[in-house]
Amino acid sequence: MGIVSEMVIWLRTHAIASGLDSVATVSAPDRWHRLTITARESGHVVLAVRYTDLSTSRLHNLAGALDQRGWDLDEDAQGATARFPPGSEPTTAAFEILAALTLSGAPSDVRTARAFDADGGAVRLR
């Protein structure tokens with residue numbers, strides 16, 4: 001929990017300080033869902049999952065579970081997002097990140113995260 005909270009803090013801090021939106025992508029093995037964490041320069045944090053690489057059964061399970069958690073279906077119906085306003089606690093987003101990563105089961109690999117800002121510069125997540 002602490003690592004994910006720190007990741008949200010560092011990503012949000014970079015976005016606000018640099019004035020550039022920043023995105024971290026959390027890895028996933030093939031046919032599992034990756035998660036992106038976007039920090040806007042305004043302080044908003046947006047979590048997103050895309051369904052394009054998922055099997056039909058995993059897509060239905062994940063989409064249903066995210067819907068139950070209050071995520072919004074994307075306009076193209078190929079993913080879902082959750083939004084956290086400026087000033088929201090990083091732990092709130094972190095709990096949602098951890099929950100979303102383990103929906104439809106948890107793969108046995110180690111998840112990694114890489115982050116970049118809107119100019120393509122690497123963002124340190126500590």
Side-chain angles (χ1 to χ4, degrees):
M1 180 62 180
I3 292 170
V4 179
S5 294
E6 289 292 320
M7 187 169 64
V8 172
I9 291 168
W10 283 99
L11 196 63
R12 185 186 265 172
T13 299
H14 179 84
I16 293 169
S18 69
L20 296 169
D21 290 353
S22 301
V23 178
T25 302
V26 180
S27 69
D30 288 342
R31 315 231 1 117
W32 288 82
H33 59 284
R34 282 177 286 288
L35 175 84
T36 59
I37 307 158
T38 303
R40 306 272 186 218
E41 63 178 290
S42 63
H44 286 85
V45 173
V46 180
L47 309 182
V49 170
R50 299 294 292 168
Y51 302 144
T52 53
D53 295 333
L54 304 179
S55 67
T56 302
S57 63
R58 194 174 303 272
L59 181 151
H60 289 298
N61 291 338
L62 179 62
L66 291 175
D67 182 57
Q68 287 180 349
R69 296 190 66 78
W71 286 49
D72 298 316
L73 186 63
D74 291 347
E75 289 179 9
D76 66 0
Q78 293 297 309
T81 56
R83 293 168 180 80
F84 301 88
S88 59
E89 290 293 323
T91 54
T92 304
F95 274 117
E96 195 60 29
I97 290 165
L98 292 172
L101 288 174
T102 58
L103 290 173
S104 299
S108 60
D109 78 331
V110 174
R111 300 269 181 128
T112 59
R114 297 181 63 205
F116 299 92
D117 62 28
D119 282 345
V123 176
R124 278 188 52 185
L125 298 175
R126 276 229 173 185

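For the single chain, residues carry numbers from 1 onward in sequence order.
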Closest contact, heavy atoms only, L11 versus A115: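 Here L11 and A115 meet closest at CD1-CB, 3.9 Å.
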Quick check: closest heavy atoms across A15 and A39, and the distance to 0.1 Å?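 That would be CB-O, 3.4 Å.
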side-chain hydrogen bond (donor to acceptor under 3.5 Å, both in side chains) against R34, all qualifying residues, sequence neighbours excluded: D53
side-chain hydrogen bond (donor to acceptor under 3.5 Å, both in side chains) involving T13 - partner list, sequence neighbours excluded: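 For T13 there are no side-chain hydrogen bond (donor to acceptor under 3.5 Å, both in side chains) partners, ignoring immediate neighbours.
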Compute whether any side-chain donor of one residue and acceptor of the other, for T112 and S27, lie under 3.5 angstrom apart.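 Side chains of T112 and S27: pair found under 3.5 Å.
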Main chain of Q78, side chain of D74: is a donor-acceptor contact present, judged purely on distance under 3.5 Å? no
Go through L101 and V4 one step at a time and tell me if the side chain to side chain contact (heavy atoms under 4.5 Å, CB included) criterion holds. CA-CA 11 Å; L101 288 174; V4 179; over 6 Å; no
Steps toward side chain to side chain contact (heavy atoms under 4.5 Å, CB included) verdict (F116, T25): CA-CA 9 Å; F116 299 92; T25 302; over 6 Å; no
Run the side chain to side chain contact (heavy atoms under 4.5 Å, CB included) test on I3 and E6 for me, step by step, so that the C-alpha distance in whole Å, both residues' side-chain angles and the decisive distance to 0.1 Å come before the verdict. CA-CA 5 Å; I3 292 170; E6 289 292 320; 5.8 Å; no
So for atom CH2, which belongs to W71, do other residues, nucleotides or ligands contribute more than 12 heavy atoms lying within a distance under 6.0 Å? yes
L54: which residues meet the side-chain contact (heavy atoms from CB on, under 4.5 Å) condition with it, sequence neighbours left out?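 Per chain and number, L54 pairs via side-chain contact (heavy atoms from CB on, under 4.5 Å) with H33, Y51, R58, L59, L62.
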What's the spacing between R69 CZ and F95 CZ if we round to 0.5 Å?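 That separation rounds to 10.5 Å.
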Set of salt bridge (Lys or Arg N to Asp or Glu O under 4.0 Å) partners for E41, sequence neighbours left out: none
Holding to salt bridge (Lys or Arg N to Asp or Glu O under 4.0 Å), I want the full list of residues that pass it with D72, two or more places apart in sequence or in another chain.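 Salt bridge (Lys or Arg N to Asp or Glu O under 4.0 Å) list for D72, sorted by chain: R83.
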Any chance you could lay out the side chain to side chain contact (heavy atoms under 4.5 Å, CB included) test for V45 and I37, step after step, and finish with the verdict? CA-CA 7 Å; V45 173; I37 307 158; 4.0 Å; yes
Sort and list the pairs that fulfil salt bridge (charged side-chain N to carboxylate O under 4.0 Å, His left out) and have at least one residue in residues 7-30, not counting sequence neighbours. D21-R40
